[in-house]
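Single-structure report; data block below.
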Amino acid sequence: MALGGTAPPRGSAAATASMRRRRTTGGAASGGAAGTMLQFYTDDAPGLKISPNVVLVMSIGFIAFVAILHVMGKLYFVRREA
């Protein structure tokens with residue numbers, strides 16, 4: 001809020017900043033985690049439930065598979081030219 005105890009004009013940057021401050025402190029004070037990233041890690045979230053470790057292993061496996069295909073393609077191309 002402004003120094004004189006009055007609110008800044010409605011369309012000003014100061015008013016926008018004060019509204020951001022109000023929303024962030026108000027949401028945390030009410031204990032509401034809904035609408036944040038935490039919603040994706042609760043049991044209430046719809047969809048497939050897999051752990052981060054499974055995602056990591058699947059990603060590394062996919063990268064390895066693509067690398068193996070790339071090497072096989074290079075070897076196939078070299079043998080074909082000879």
Side-chain angles (χ1 to χ4, degrees):
M1 312 290 180
L3 286 176
T6 61
R10 187 170 180 170
S12 68
T16 305
S18 69
M19 285 304 291
R20 280 191 198 128
R21 265 186 261 125
R22 272 192 230 149
R23 284 190 190 128
T24 56
T25 57
S30 65
T36 63
M37 286 299 291
L38 292 175
Q39 180 183 1
F40 294 112
Y41 298 106
T42 62
D43 291 335
D44 296 335
L48 184 64
K49 310 259 188 299
I50 54 176
S51 72
N53 290 337
V54 173
V55 173
L56 179 67
V57 169
M58 288 173 63
S59 300
I60 292 172
F62 177 73
I63 292 169
F65 179 70
V66 170
I68 289 169
L69 286 177
H70 182 72
V71 169
M72 288 176 58
K74 291 277 186 183
L75 291 175
Y76 178 75
F77 183 72
V78 167
R79 288 187 184 175
R80 193 168 183 202
E81 283 188 357

With clusters built from Ile, Leu, Val, Met, Phe, Trp and Tyr whose side-chain heavy atoms come within less than 4.5 Å, directly or transitively, what are the remaining members of the cluster of Val57, listed by chain and number?
none

Could you measure the distance from the CE atom of Met58 to the CD1 atom of Ile63? Nearest 0.5 Å is fine.
12.0 Å

Excluding sequence neighbours, so at least two apart, what forms side-chain contact (heavy atoms from CB on, under 4.5 Å) with Val55?
Ile50, Ser59

In the hydrophobic clustering (ILVMFWY, side-chain contacts below 4.5 Å, transitive), which residues join Leu69, or is it alone?
Phe65

